[in-house]
Amino acid sequence: MKGLKKIALTTAIAAAPFAANAELQAMNDSAMGNVTGQAGVTIELETKVSIGQFKYTDEGSFAVNGIVLGGSGVAGGTGTELLDQLKIDIDVADDGDAIIHVGSLQTDPATGAPVPIDWGMTVDSMELLAGSTGTDSTTLISNMSMHGDLAALDLQVDTATDHLNVAVAFDIDDMDFDVDFLAIGIRDLTVTGAGSNFDYDGNGTTADEELAASGGASAEGYDLTDPQQKLAYGKLTGYANVNLDVYKGAGLGASNAVDVLRVDVNNVYMDVNVGAVEIGGTSIGSVALDNLAVTDTKLAIYGH
């Protein structure tokens with residue numbers, strides 16, 4: 001009997017806060033439908049990654065040695081050695097699509113635009129190794145160092161097509177490396193956007209021409225009086241833009257391959273400049289590629 005009284009007392013104490021505030025009622029389907037969680041997940045990240053060696057082995061091997069990835073400081077840039085100020089937004093849309101956006105935590109105080117993420121990477125060497133022991137080897141590339149900025153990286157898994165779409169906007173401020181087996185050195189390589197002297201939408205007029213015709217109000221389909229569209233236009237022209245779809249598909253042309261890895265390149269727009277090409281340690285000049293556009297390009301990748 002005493003035990004029952006103790007149980008009753010404990011139950012009364014536990015129920016008191018609820019009784020004091022409101023009567024408990026079961027939620028109907030309509031009320032349950034109004035209960036929602038967060039729209040998605042945001043991950044803030046800062047990191048520096050070092051890999052002693054990456055090796056792919058078939059009958060022989062391909063090895064990449066001394067990989068370091070971090071902020072631009074790891075490759076002589078002005079930033080720190082940490083890949084930082086980075087956030088990853090992950091959402092699942094109402095149609096089931098997975099949407100991942102990699103962007104910056106920082107914004108420009110004057111414009112409110114996101115500040116690009118500085119990155120840097122160094123690689124000691126890339127080698128081909130004979131057999132399983134690697135007694136014979138050829139150094140393909142050595143002393144690679146590069147740094148730049150990432151303006152945006154977006155990935156979307158489309159449930160309607162089973163495609164992974166990748167869109168990235170970036171630049172390379174400086175890149176140096178040696179092609180050892182050819183005695184060639186590449187110095188001060190830069191990659192930027194194609195600029196405003198390019199026709200991005202294929203209508204026969206460049207961005208410069210459309211800017212002049214509109215008095216600076218619009219170009220390439222962007223309303224430059226709108227801050228967000230102006231930001232998107234700047235990202236298009238100022239950074240190298242790559243857009244591609246990755247999915248499982250069939251081979252190309254007369255190929256009878258099935259279930260291969262397909263990569264469809266929707267567009268690549270950029271300018272590429274090489275400050276110096278060295279042969280035998282002596283510069284033979286510079287190279288510039290203006291308005292480089294890679295479009296309508298498809299790859300089918302499979303084993304043999």
- Do Glu44 and Lys87 pass the salt bridge (Lys or Arg N to Asp or Glu O under 4.0 Å) test, and can you show the C-alpha distance, the side-chain angles, and the key distance before you say yes or no? CA-CA 4 Å; Glu44 297 178 0; Lys87 69 172 181 176; over 6 Å; no
Evaluate side chain to side chain contact (heavy atoms under 4.5 Å, CB included) for Asp264 paired with Tyr247, printing each intermediate quantity in order.
CA-CA 9 Å; Asp264 294 354; Tyr247 58 98; 2.7 Å; yes
Problem - Residue pair Val242, Phe170: steps toward the side chain to side chain contact (heavy atoms under 4.5 Å, CB included) verdict - result: CA-CA 9 Å; Val242 178; Phe170 72 100; 4.0 Å; yes
Quiz item: Given Met126 and Met144, is the side chain to side chain contact (heavy atoms under 4.5 Å, CB included) satisfied, shown in steps?
Solution: CA-CA 9 Å; Met126 301 181 186; Met144 177 178 284; 4.0 Å; yes
Can you check salt bridge (Lys or Arg N to Asp or Glu O under 4.0 Å) on Lys48 and Asp84, steps first, answer last?
-> CA-CA 9 Å; Lys48 178 182 176 182; Asp84 57 4; over 6 Å; no
Margin query: Would Asp124 and Asn65 count as a side chain to side chain donor-acceptor pair (under 3.5 Å) here? Give the steps.
Written below: CA-CA 6 Å; Asp124 289 343; Asn65 303 303; over 6 Å; no
message: Between Leu83 and Val74, is the side chain to side chain contact (heavy atoms under 4.5 Å, CB included) condition met? List the steps.
response: CA-CA 10 Å; Leu83 182 63; Val74 304; over 6 Å; no
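When each of Tyr233, Tyr222, Tyr269 is paired with Tyr200, the ring pair (Phe, Tyr, Trp, His ring centres under 6.0 Å) condition holds for Tyr269 and for no other. Looking at Thr190, Asp188, Leu289 one by one, the single match for side chain to side chain contact (heavy atoms under 4.5 Å, CB included) with Asn273 turns out to be Thr190.
Asp180 and Ser142 share a side-chain donor-acceptor pair at under 3.5 Å. In the model, Ser218 has no side-chain atom that pairs as donor or acceptor with a side-chain atom of Asp223 under 3.5 Å. Looking at Ser104 and Gln85, their side chains never bring a donor and an acceptor atom within 3.5 Å of each other. Asp89 and His101 share no side-chain donor-acceptor pair at under 3.5 Å. Side chain to side chain, Asn165 and Gln156 fail the donor-acceptor criterion of an N or O pair below 3.5 Å. If you check the side chains of Asp97 and Thr159, you find a donor sitting under 3.5 Å from an acceptor.
Judged purely by atom type and a 3.5 angstrom limit, Glu210 has no side-chain atom pairing as donor or acceptor with the backbone of Ala207. Checked by atom type and distance alone, the side chain of Asp108 pairs as donor or acceptor with a backbone atom of Ala110 at under 3.5 Å. In this structure, the side chain of Ser72 engages the main chain of Gly79 through a donor-acceptor pair within 3.5 Å. Using modelled atom types, no side-chain atom of Arg262 and backbone atom of Asp245 make a donor-acceptor pair closer than 3.5 Å.
Rounded to the nearest 0.5 Å, atoms OG1 (Thr192) and CG (Asp271) are 4.5 Å apart. Of the inter-residue distances, the one linking His147 atom NE2 with Asp149 atom CG reads 9.0 Å to the nearest 0.5 angstrom. Put simply, CD1 on Ile43 and CD1 on Ile88 are 5.0 Å apart, with the number rounded to the nearest 0.5 Å. Atom OG of residue Ser61 and atom CD of residue Gln53 lie 8.5 Å apart, to the nearest 0.5 angstrom. Here NE2 of His163 is found 12.0 Å from CG of Leu244. Values are rounded to the nearest 0.5 Å. Here Glu46 contributes atom CD and Ile117 contributes atom CD1; the two are 12.5 Å apart, rounded to the nearest 0.5 Å.
Considering all non-hydrogen atoms of both residues, Glu127 and Ser137 come closest at OE2-OG, 4.4 Å. For the residue pair Leu236 and Asn241, the shortest heavy atom distance occurs at O-ND2, 2.9 Å. Scanning all heavy atoms of the two residues, the minimum distance from Pro114 to Leu231 falls at CD-CD2, 3.8 Å. Looking at every heavy atom in both residues, Met270 comes nearest to Ala240 through CB-CB, 3.7 Å. Ala167 approaches Asn243 most closely through the heavy-atom pair CB-ND2, 3.6 Å. In terms of heavy atoms, Ala63 sits closest to Leu129 at CB-CD1, 4.1 Å.
Side-chain contact between Val166 and Leu153: present, with at least one pair of heavy atoms (C-beta onward) separated by less than 4.5 Å. With a 4.5 Å cut-off on side-chain heavy atoms, Asp174 and Leu189 do not count as touching. Residues Ile141 and Thr139 have side chains not in contact (no heavy-atom distance under 4.5 Å, counting atoms from C-beta outward). The side-chain heavy atoms of Leu211 and Leu224, taken from C-beta on, include a pair separated by under 4.5 Å. Annotation: side chain of Thr122 is not in contact with side chain of Leu69 (no heavy-atom distance under 4.5 Å). Residues Trp119 and Met146 are in side-chain contact: their nearest non-hydrogen atoms beyond the backbone lie under 4.5 Å apart. At a threshold of 4.5 Å between non-hydrogen side-chain atoms, the residues Asp178 and Ile184 do not count as touching. Residues Phe62 and Leu128 meet the side-chain proximity criterion, which asks for heavy atoms closer than 4.5 Å.
Hydrophobic clustering (side-chain heavy atoms under 4.5 Å, transitive across Ile, Leu, Val, Met, Phe, Trp, Tyr) groups Val49 together with Phe54. Val246 and Leu252 are assigned to two separate hydrophobic clusters, defined by single-linkage of ILVMFWY side chains at heavy-atom distances under 4.5 Å. In terms of hydrophobic clustering, with Ile, Leu, Val, Met, Phe, Trp and Tyr side chains grouped at heavy-atom distances under 4.5 Å, Leu292 and Phe198 are assigned to different clusters. In this structure, Ile186 is a member of the same hydrophobic cluster as Met175, with clusters built from ILVMFWY side-chain heavy atoms closer than 4.5 Å. Both Leu150 and Val272 are members of a single hydrophobic cluster when ILVMFWY side chains are connected at heavy-atom separations under 4.5 Å.
By the side chain to side chain contact (heavy atoms under 4.5 Å, CB included) test, Asp199 pairs with Asp201, Asn203, Glu220, sequence neighbours left out.
Among pairs with a residue in residues 283-303, those fulfilling side chain to side chain donor-acceptor pair (under 3.5 Å) read Asn197-Asp290, at least two apart in sequence or across chains.
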